[in-house]
Amino acid sequence: MNNFDLSGQHAVITGGAQGLGFAMARRMVASGAGVTLWDMDGALLERARAELGPQARTVTVDVTDWAMVERATTETEAAGGPISIVVNSAGIAGPAAPLDTYDIATWKKIIDVNLHGTFHVCRAIVPGMKARNYGRIVNIASIAGKEGNPNASAYSASKAAVIGMTKSLGKELAAFDIAVNCITPATAETRILEQLTPEFIEYMRSRIPRGRFLEVEEAASMVAWLVSKENSFTTAAVFDLSGGRATY
Ligand SMILES: NC(=O)c1ccc[n+]([C@@H]2O[C@H](COP(=O)([O-])OP(=O)(O)OC[C@H]3O[C@@H](n4cnc5c(N)ncnc54)[C@H](O)[C@@H]3O)[C@@H](O)[C@H]2O)c1
């Protein structure tokens with residue numbers, strides 16, 4: 001494993017109790033960072049902290065709740081120092097269904113977690129990054145946000161919106177030493193897939209020219225560079241992790 005030096009950095013990883021976020025936390029701890037995992041699943045957070053060891057802290061937070069995100073920011077910085085890295089990985093897929101029958105409350109929930117949650121976290125953490133003139137933000141979008149998956153319109157729309165928001169924020173902060181980028185993974189085998197049918201999962205696998213799912217460590221590897229000081233120029237960009245599905 002290549003080592004990007006993250007010593008002295010303090011990373012907040014939302015949705016970090018498991019899946020892609022947890023793999024990124026593990027990689028950052030191995031690279032010398034302190035990490036604070038934000039997740040709404042308190043029991044899983046405890047397990048994650050035990051596995052990561054003394055460099056990890058946790059805060060139970062629902063990213064859809066602005067007041068909670070603000071409190072979590074204050075608490076996190078008081079306990080672990082200024083936040084220099086943010087990975088927005090908290091997200092939900094929601095059930096697969098055609099748009100013309102999609103449950104309206106479920107649609108709004110998916111947008112709320114994936115888009116508004118990412119907005120809340122950036123809104124809370126960016127002022128401190130601006131004041132210190134340093135930050136690295138990575139938003140986890142999805143190949144669905146580029147291509148649009150059938151029967152996943154809310155999810156695809158939320159991830160396309162995260163891509164757009166990343167581009168806006170990256171440009172807003174380009175005069176600072178703050179990089180804001182997003183990644184667009186294809187399917188990785190995490191618990192988020194429990195929200196989907198086997199047929200839908202097979203559809204997504206069949207669309208990946210590599211012929212296999214993404215490994216969470218492969219996503220963590222790309223993010224390790226994106227959140228490092230070495231990424232001093234690239235911002236407002238979209239990094240592909242689709243195994244050849246998207247060629248743009
Ligand atoms: N796994 C994939 O195939 C895949 C592909 C592309 C993009 N993504 C995206 O990657 C991110 C991580 O997905 P994953 O596969 O690791 O899923 P996961 O289900 O393993 O982890 C997501 C975590 O987010 C947390 N979470 C959900 N809603 C939350 C909320 N309101 N507040 C705080 N935490 C919340 C969950 O408790 C969970 O621990 C998501 O944004 C997902 O859309 C996943």
Side-chain angles (χ1 to χ4, degrees), residues 12-27 36-49 51 58-69 71-72 76 86-94 96 106 108-121 124 138-149 152 154-163 165-166 182-196 200-205 207-208 210 212-220 222-223 238-243 245-246:
V12 162
I13 302 173
T14 75
Q18 61 184 327
L20 289 164
F22 180 73
M24 290 163 196
R26 197 167 45 205
R27 174 89 188 213
T36 304
L37 308 178
W38 290 8
D39 204 288
M40 55 189 294
D41 190 326
L44 267 181
L45 275 176
E46 269 315 300
R47 206 177 70 188
R49 178 166 58 180
E51 203 175 322
T58 61
V59 181
T60 304
V61 49
D62 178 346
V63 295
T64 65
D65 183 333
W66 165 246
M68 254 184 139
V69 170
R71 268 201 310 278
T76 297
V86 174
V87 176
N88 279 297
S89 190
I92 55 173
T106 307
K108 288 182 177 169
K109 177 75 186 167
I110 294 165
I111 303 289
D112 207 22
V113 176
N114 296 355
L115 175 59
H116 300 154
T118 301
F119 161 65
H120 288 155
V121 173
V138 176
N139 298 323
I140 314 302
S142 168
I143 184 65
K146 281 180 167 182
E147 298 246 311
N149 280 334
Y155 184 76
S156 302
S158 73
K159 295 301 187 177
V162 166
I163 292 171
M165 197 188 79
T166 301
C182 67
I183 63 170
T184 55
T187 310
E189 287 182 283
T190 67
R191 271 185 56 197
I192 207 169
L193 300 192
E194 289 174 7
Q195 299 166 38
L196 304 168
F200 191 84
I201 294 168
E202 179 45 31
Y203 164 79
M204 292 193 298
R205 198 202 55 74
R207 300 294 315 278
I208 302 173
R210 285 279 197 201
R212 65 169 174 86
F213 292 128
L214 167 73
E215 301 286 340
V216 293
E217 291 78 14
E218 292 172 319
M222 179 180 274
V223 170
V238 184
F239 283 75
D240 183 71
L241 268 172
S242 71
R245 178 171 169 187

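Atoms within each ligand, like the ligands themselves, are counted from 1 in listed order.
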Visitor: Who gets closest to atom 5 (C) of ligand 1 by heavy atom: S142, A186, A188?
Guide: A186

Visitor: Looking only at side chains, do N139 and T118 share a donor and an acceptor under 3.5 Å apart?
Guide: no

Visitor: Regarding atom 7 (C) of ligand 1: of the candidates A72, G91, S89, A141, which has the closest heavy atom?
Guide: A141

Visitor: Return a yes/no value for T64: is any of its N or O atoms, backbone included, closer than 3.5 angstrom to an N or O of ligand 1?
Guide: no

Visitor: Just going by heavy-atom distances, which of L20, V69, T190, T14 is nearest to atom 15 (O) of ligand 1?
Guide: T190

Visitor: Distance under 4.0 Å to a non-hydrogen atom of R191: what atoms of ligand 1 satisfy this?
Guide: 20 (O)

Visitor: Any side-chain to backbone donor/acceptor pair from K146 onto K159? Under 3.5 Å, distance only.
Guide: no

Visitor: Using modelled atom types and a 3.5 Å cut-off, is there a donor and acceptor pairing between side-chain atoms of T60 and backbone atoms of M40?
Guide: no

Visitor: May I ask which of S158, G117, G15 has a heavy atom nearer to atom 24 (O) of ligand 1 than the others do?
Guide: G15

Visitor: Do any N or O atoms from the side chain of D41 and from the backbone of L44 form a donor-acceptor pair under 3.5 angstrom?
Guide: yes

Visitor: Can you tell me how far apart CG (L241) and CG (L214) are? Round to the nearest 0.5 Å.
Guide: 5.5 Å

Visitor: Could you tell me whether W38 and ligand 1 have an N or O pair separated by under 3.5 Å?
Guide: no

Visitor: Does L44, backbone or side chain, put an N or O under 3.5 Å from an N or O of ligand 1?
Guide: no

Visitor: Any nitrogen or oxygen of D62, side chain or backbone, less than 3.5 Å from one on ligand 1?
Guide: yes

Visitor: Would you check the N or O atoms of Q18, main chain and side chain alike, for any that come under 3.5 Å of an N or O of ligand 1?
Guide: yes

